[in-house]
Undergrad: 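Pasting a structure here, questions to come.
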Amino acid sequence: MKNIVLIGFMGSGKSTVGCRLAHRLGYKFVDTDYEIEQVTGLTVAQIFAKHGVKRFRGEEALLVSKLMHQQDLVIATGGGLVLRPENVAMLQQNGVLIGLKASARTICSRVRNKRTRPLLARGNLRENVERLLRERQAAYDVAEFSVDVDQLTPEEIVDIIYHYLKEKGYVR
Ligand code: S3P
């Protein structure tokens with residue numbers, strides 16, 4: 001069966017929802033940030049600090065090229081992974097892209113104390129989030145189905161995605 005690929009901004013709940021969805025489907029869960037940390041032996045923040053964003057995006061692309069040959073995965077992607085169209089194309093080959101959409105307000109409340117996200121570590125959080133959301137809107141629009149997560153619990157989001165996947169025949 002196709003992989004289920006969760007895309008969306010930092011703090012939209014991809015990892016939490018992805019882990020629960022994988023459990024529900026009996027699929028393996030893959031979190032791209034976590035995989036990259038395992039492969040490189042560095043945290044995401046360390047990769048950004050030591051080697052820069054380009055290197056991190058390179059690691060993401062390498063990982064995607066491996067994941068595209070696997071199936072029955074739920075993949076929680078890092079928020080910037082879909083910025084490279086070639087990543088999107090590879091993921092679409094054997095995967096269905098599902099978007100999680102959160103407002104700037106929700107995102108800020110969730111990432112406020114998390115300095116683990118280098119792109120939000122400096123400057124005004126709200127301004128940075130709003131700017132990146134604007135810049136990335138088109139990138140997240142590649143999802144074939146999106147859920148507005150602001151008013152929903154993780155369980156409710158999983159339910160909505162699960163029923164969509166069933167209805168479309170993407171899962172057994
Ligand atoms: C990033 C999102 C992060 C992580 C890195 C860059 C981004 O992942 O990959 O800090 O560019 O949006 P999460 O979306 O899991 O926070």
Side-chain angles (χ1 to χ4, degrees), residues 3-23 27-68 73-88 90-91 95 97-143 145-150 152 154 157-158 161:
N3 294 329
I4 312 305
V5 184
L6 301 183
I7 71 169
F9 202 81
M10 292 170 265
S12 59
K14 295 163 298 203
S15 302
T16 306
V17 168
C19 188
R20 292 182 190 211
L21 181 64
H23 191 73
Y27 283 19
K28 188 178 166 213
F29 175 61
V30 176
D31 184 298
T32 62
D33 288 342
Y34 178 79
E35 291 298 321
I36 290 168
E37 291 184 337
Q38 295 306 302
V39 168
T40 59
L42 298 168
T43 65
V44 170
Q46 286 170 333
I47 300 172
F48 271 76
K50 286 190 178 178
H51 305 292
V53 61
K54 261 196 172 168
R55 165 74 186 278
F56 181 74
R57 298 295 177 221
E59 294 293 339
E60 285 185 320
L62 188 64
L63 178 60
V64 168
S65 69
K66 289 179 187 160
L67 294 176
M68 69 176 285
L73 304 177
V74 173
I75 304 169
T77 60
L81 188 142
V82 293
L83 296 175
R84 283 198 182 181
E86 57 271 33
N87 288 346
V88 173
M90 283 192 275
L91 290 168
L97 271 57
I98 306 288
L100 299 188
K101 286 197 170 171
S103 65
R105 189 173 174 197
T106 296
I107 291 163
C108 287
S109 72
R110 291 186 186 170
V111 301
R112 192 163 293 279
N113 295 318
K114 297 200 179 140
R115 293 298 169 187
T116 53
R117 290 171 164 114
L119 294 181
L120 301 177
R122 271 183 237 119
N124 182 284
L125 178 65
R126 182 68 181 235
E127 278 172 21
N128 286 336
V129 167
E130 284 180 355
R131 176 180 47 81
L132 285 171
L133 273 175
R134 266 196 312 275
E135 287 172 10
R136 293 179 172 188
Q137 195 180 339
Y140 297 135
D141 279 347
V142 299
F145 178 70
S146 289
V147 182
D148 286 313
V149 300
D150 282 352
L152 301 173
I157 301 164
V158 168
I161 297 172

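Read the numbers this way: they start at 1 and go in the same order the structure lists the ligands and their atoms. For the single chain, residues carry numbers from 1 onward in sequence order.
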Undergrad: Could you tell me whether Tyr34 atom OH has more than 12 heavy atoms of other residues or ligands within 6.0 Å of it?
TA: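 Not more than 12 within 6.0 Å, no.
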Undergrad: Side chain or backbone, does Ser15 bring an N or O within less than 3.5 Å of an N or O on ligand 1?
TA: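 Between Ser15 and ligand 1 (N or O atoms, distance only) the closest approach is not under 3.5 Å.
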Undergrad: Near Val44, which atoms of ligand 1 are under 4.0 Å from a heavy atom of that residue?
TA: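 This gives 5 (C), 10 (O) as the contact atoms.
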Undergrad: What protein heavy atom sits nearest atom 14 (O) of ligand 1, and how far off is it?
TA: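 Protein heavy atom with the smallest distance to atom 14 (O) of ligand 1: Lys14 NZ, 2.5 Å.
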Undergrad: What distance do Arg105 atom CZ and Asp150 atom CG have between them, rounded to the nearest 0.5 Å?
TA: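 Atom-to-atom, Arg105:CZ and Asp150:CG are 9.0 Å apart.
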Undergrad: Would you say His51 has more than 12 foreign heavy atoms packed within less than 6.0 Å of its NE2?
TA: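 Buried by this count: over 12 neighbours within 6.0 Å.
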Undergrad: Which heavy-atom pair separates Leu67 from Leu73 by the least distance, and what is that distance?
TA: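 So the minimum-distance heavy-atom pair works out to CD2-CD1, 3.9 Å.
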Undergrad: Tell me the closest heavy-atom pair linking Phe9 and Lys14, and the distance in Å.
TA: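 Shortest heavy-atom contact: O-NZ, 3.4 Å.
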Undergrad: Which of the atoms in ligand 1, numbered in the order shown and given with their element, are less than 4.0 Å from a heavy-atom of Arg136?
TA: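 Answer for ligand 1: 7 (C), 11 (O), 12 (O).
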Undergrad: Find all atoms of ligand 1 within a distance of less than 4.0 Å from any non-hydrogen atom belonging to Pro118, and give their numbers and elements.
TA: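 Matching atoms, with element in brackets: 10 (O).
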Undergrad: Record the part of Glu37 in heavy-atom contact with ligand 1 below 4.0 Å; permitted values are side chain, backbone, both and neither.
TA: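 For Glu37, there is no contact with ligand 1 at all, from either part.
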Undergrad: Look at the side chain of Ser146 and the backbone N and O of Leu100, then say whether any donor-acceptor pair between them is shorter than 3.5 Å.
TA: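 Answer holds: no.
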Undergrad: Which heavy atom in Glu37 sits nearest to a heavy atom in Thr43, and how many Å separate them?
TA: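 Shortest heavy-atom separation between Glu37 and Thr43 comes out as OE2-CA, 3.4 Å.
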Undergrad: May I ask you to say whether Glu127 pairs ionically with Arg131, meaning some side-chain N is under 4.0 Å from a carboxylate O?
TA: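 A salt bridge is absent here (no side-chain N lies under 4.0 Å from a carboxylate O).
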Undergrad: Going by the order shown, which atoms of ligand 1 are within less than 4.0 Å of some heavy atom of Gly78?
TA: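 So the atoms of ligand 1 that pass are 8 (O), 9 (O), 14 (O).
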Undergrad: State the atoms of ligand 1, each with its element, that fall below the 4.0 Å cut-off from a heavy-atom position in Phe56.
TA: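 Counting from 1, the qualifying ligand atoms are 5 (C), 9 (O).
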Undergrad: Please find the pair of heavy atoms, one from Ser15 and one from Asp31, that lie closest to each other, and give the distance.
TA: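 Scanning both residues completely, I find the closest heavy atoms to be OG-OD2, 2.6 Å.
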Undergrad: Give the atoms of ligand 1, by number and element, whose distance to some non-hydrogen atom of Leu119 is under 4.0 Å.
TA: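 Atoms satisfying the 4.0 Å criterion: 7 (C), 11 (O).
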Undergrad: Within a distance under 4.0 Å of any heavy atom of Asp33, pick out the atoms of ligand 1 and give their elements.
TA: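 Listed by number with element, the hits are 3 (C), 4 (C), 8 (O), 9 (O), 13 (P), 15 (O).
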Undergrad: Counting from 1, what ligand 1 atoms have a heavy atom of Arg117 closer than 4.0 Å?
TA: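 So the atoms of ligand 1 that pass are 16 (O).
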Undergrad: Of all the non-hydrogen atoms in the protein, which one sits nearest to atom 7 (C) of ligand 1, and at what distance?
TA: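 Looking only at protein heavy atoms, the one closest to atom 7 (C) of ligand 1 is Gly80 N, 3.3 Å.
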Undergrad: Quick check on Gln137: does its CD atom have over 12 non-hydrogen neighbours (other residues, nucleotides or ligands) under 6.0 Å away?
TA: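 12 or below, so no.
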Undergrad: State whether the shortest distance between N or O atoms of Thr77 and N or O atoms of ligand 1 falls below 3.5 angstrom.
TA: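 By distance alone, the answer is no.
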Undergrad: Pick whichever of Phe48, Phe9, Tyr34 has a heavy atom sitting closest to atom 6 (C) of ligand 1.
TA: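 Shortest heavy-atom distance from atom 6 (C) of ligand 1: Phe48.
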Undergrad: For ligand 1, which is the ligand I care about here, please tell me if Gly79 has any N or O atom under 3.5 Å from one of the ligand's N or O atoms.
TA: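 Yes, since at least one N or O of Gly79 sits under 3.5 Å from an N or O of ligand 1.
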Undergrad: Would you check the N or O atoms of Arg57, main chain and side chain alike, for any that come under 3.5 Å of an N or O of ligand 1?
TA: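 In this structure, Arg57 places an N or O atom under 3.5 Å from an N or O of ligand 1.
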